[in-house]
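Just so you know, these numbers use all the heavy atoms, side chains as well, and skip hydrogens, waters and symmetry mates.
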Amino acid sequence: MPIQRAKPRFTEVKNFSITGTDLPAGSVLQVQHVQLDSPETISGYSSNTSTAIDSTAINITPAATNSKILLEAQVTFECANYPWAQIWFFFRDSTKLGHATTGNRLVGVGIPTVSHHGDYGGNTSDQVTLRYVDSPSTTSQITYKIGFHMASQTNALYLNRNTGDANTVDYTRGVSTFIATEIKG
């Protein structure tokens, strides 16, 4: 007895679109990111001054004034002097985001994991991982950047490399990433 197959039924396909207003609170509305693959040297900043890393700029235009922006960053770096006397954070345009100023303390979002003990300024990279939830309360374009504040001497910050940069297995190169995710409020 031959097998009988059901005839396929075709239905009409309708085009539709989803807007942010159709999604529930907590939905991801957009993701912007920057990834730095090349080494970079940042110099000319002053001690006890909050400094933005311009190459990490992310432009984002929130869909609603009640949106939250989840900022996440991982930075590989080394600095020539006093890696333990620093704090990292984010800028929203020119506003520093992080812990509120408290006396003379270093304030921000996070401190780096210092990979070397006493041998700073050579061939051991440091790393900082940052997360912060911002409430920008705007639908205008804003620019986020990663920032740092060195409490001690003016020196150079080396992104994605060591202060020394010899072409041997004793020296490292890395990648730094920065992600901004808009979440519906």
Side-chain angles (χ1 to χ4, degrees), residues 14-79 86-102 105-113 125-151 154-161 173-185:
K14 297 187 182 216
N15 292 327
F16 66 94
S17 63
I18 296 175
T19 65
T21 57
D22 299 323
L23 300 171
S27 297
V28 171
L29 299 179
Q30 65 174 308
V31 177
Q32 302 294 330
H33 79 284
V34 63
Q35 181 167 293
L36 304 175
D37 298 325
S38 301
E40 180 179 342
T41 302
I42 300 169
S43 57
Y45 59 88
S46 300
S47 62
N48 277 324
T49 301
S50 296
T51 303
I53 301 174
D54 291 333
S55 60
T56 65
I58 291 178
N59 294 321
I60 191 167
T61 304
T65 57
N66 67 340
S67 289
K68 304 290 185 204
I69 308 295
L70 172 61
L71 303 171
E72 301 174 285
Q74 174 273 313
V75 182
T76 301
F77 72 97
E78 190 173 35
C79 60
Q86 57 186 268
I87 191 83
W88 290 72
F89 49 87
F90 298 104
F91 279 105
R92 179 193 338 110
D93 295 325
S94 61
T95 302
K96 181 180 172 181
L97 304 175
H99 194 286
T101 301
T102 309
R105 295 174 183 87
L106 287 177
V107 294
V109 174
I111 58 173
T113 302
S125 295
D126 300 322
Q127 191 170 73
V128 64
T129 301
L130 306 168
R131 284 184 190 80
Y132 186 83
V133 178
D134 187 32
S135 301
S137 300
T138 186
T139 56
S140 297
Q141 178 179 295
I142 49 183
T143 300
Y144 288 104
K145 295 179 185 178
I146 298 171
F148 64 94
H149 186 109
M150 300 287 182
T154 301
N155 57 48
L157 180 80
Y158 301 91
L159 289 178
N160 300 332
R161 60 163 274 202
R173 293 270 176 105
V175 173
S176 297
T177 56
F178 181 25
I179 302 167
T181 303
E182 181 182 2
I183 301 169
K184 184 177 179 181

On a heavy-atom basis, which atom in [X] and which in [Y] lie closest, and how many Å separate them?
X	Y	result
Val34	Ser55	CG2-O, 3.8 Å
Gly185	Ala25	O-CB, 3.4 Å
Tyr144	Ile142	OH-CD1, 3.3 Å

- Only counting residues at least two apart or in another chain, list the ones meeting side-chain hydrogen bond (donor to acceptor under 3.5 Å, both in side chains) with Ser135.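 Per chain and number, Ser135 pairs via side-chain hydrogen bond (donor to acceptor under 3.5 Å, both in side chains) with Lys68.
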Can you measure from [atom1] ([X]) to [atom2] ([Y]) and round to the nearest 0.5 angstrom?
X	Y	atom1	atom2	answer
Ile69	Ile179	CD1	CD1	13.5 Å
Ile87	Leu130	CD1	CG	8.5 Å
His149	Thr51	NE2	OG1	8.0 Å
Ile60	His33	CD1	NE2	12.5 Å
Glu72	Arg131	CD	CZ	5.5 Å
Ile111	Thr129	CD1	OG1	12.0 Å

- Listed by chain and number, what are the ring pair (Phe, Tyr, Trp, His ring centres under 6.0 Å) partners of Phe178, not counting sequence neighbours?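 Ring pair (Phe, Tyr, Trp, His ring centres under 6.0 Å) list for Phe178, sorted by chain: Phe90.
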- Which residue pairs pass the salt bridge (Lys or Arg N to Asp or Glu O under 4.0 Å) test with at least one member in residues 26-40, sequence neighbours excluded?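 Listed by first then second residue: nothing to list.
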- Residue pairs involving residues 41-64 (criterion salt bridge (Lys or Arg N to Asp or Glu O under 4.0 Å); sequence neighbours excluded):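 Found Asp54-Lys145.
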- Message: I'd like to know if the side chain of Thr76 and the backbone of Ser176 have a donor-acceptor N/O pair within less than 3.5 Å.
- Response: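 Flag not set: sc Thr76 to bb Ser176 has no pair under 3.5 Å.
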If you look only at distance, which donor and acceptor atoms sit under 3.5 Å apart when one is on a side chain in residues 91-98 and the other is two or more places apart or in another chain?
unit_1: Arg92; atom_1: NE; unit_2: Asp134; atom_2: OD2; d: 2.7
unit_1: Arg92; atom_1: NH2; unit_2: Asp134; atom_2: OD1; d: 2.8
unit_1: Asp93; atom_1: OD1; unit_2: Thr143; atom_2: N; d: 2.9
unit_1: Lys96; atom_1: NZ; unit_2: Ser50; atom_2: OG; d: 3.4
unit_1: Lys96; atom_1: NZ; unit_2: Val107; atom_2: O; d: 3.0

With a 4.5 Å cut-off on side-chain heavy atoms, are [Y] and [X] touching?
X	Y	value
Pro112	Trp88	yes
Thr56	Ile58	no
Ile183	Val133	no
Ile42	Phe148	yes

- Partner set under side chain to side chain contact (heavy atoms under 4.5 Å, CB included) for Thr177, not counting sequence neighbours: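 Testing Thr177 for side chain to side chain contact (heavy atoms under 4.5 Å, CB included), a comparison that skips the adjacent residues, returns Gln35, Gln74, Val175.
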- Task: Start with the C-alpha distance between Leu157 and Ile53, add both sets of side-chain angles, then the distance that settles side-chain contact (heavy atoms from CB on, under 4.5 Å), and finish with yes or no.
- Result: CA-CA 10 Å; Leu157 180 80; Ile53 301 174; 4.3 Å; yes
- Given the rule in the side-chain contact (heavy atoms from CB on, under 4.5 Å) test, do Thr138 and Thr65 qualify, once you have shown the distances and angles that lead to the verdict? CA-CA 5 Å; Thr138 186; Thr65 57; 5.7 Å; no
- Message: Out of the candidates Lys184, Glu182, Gln30, only one should pair with Ser67 under the side-chain hydrogen bond (donor to acceptor under 3.5 Å, both in side chains) rule; please name it.
- Response: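 Between Ser67 and the candidates, side-chain hydrogen bond (donor to acceptor under 3.5 Å, both in side chains) is satisfied uniquely by Glu182.
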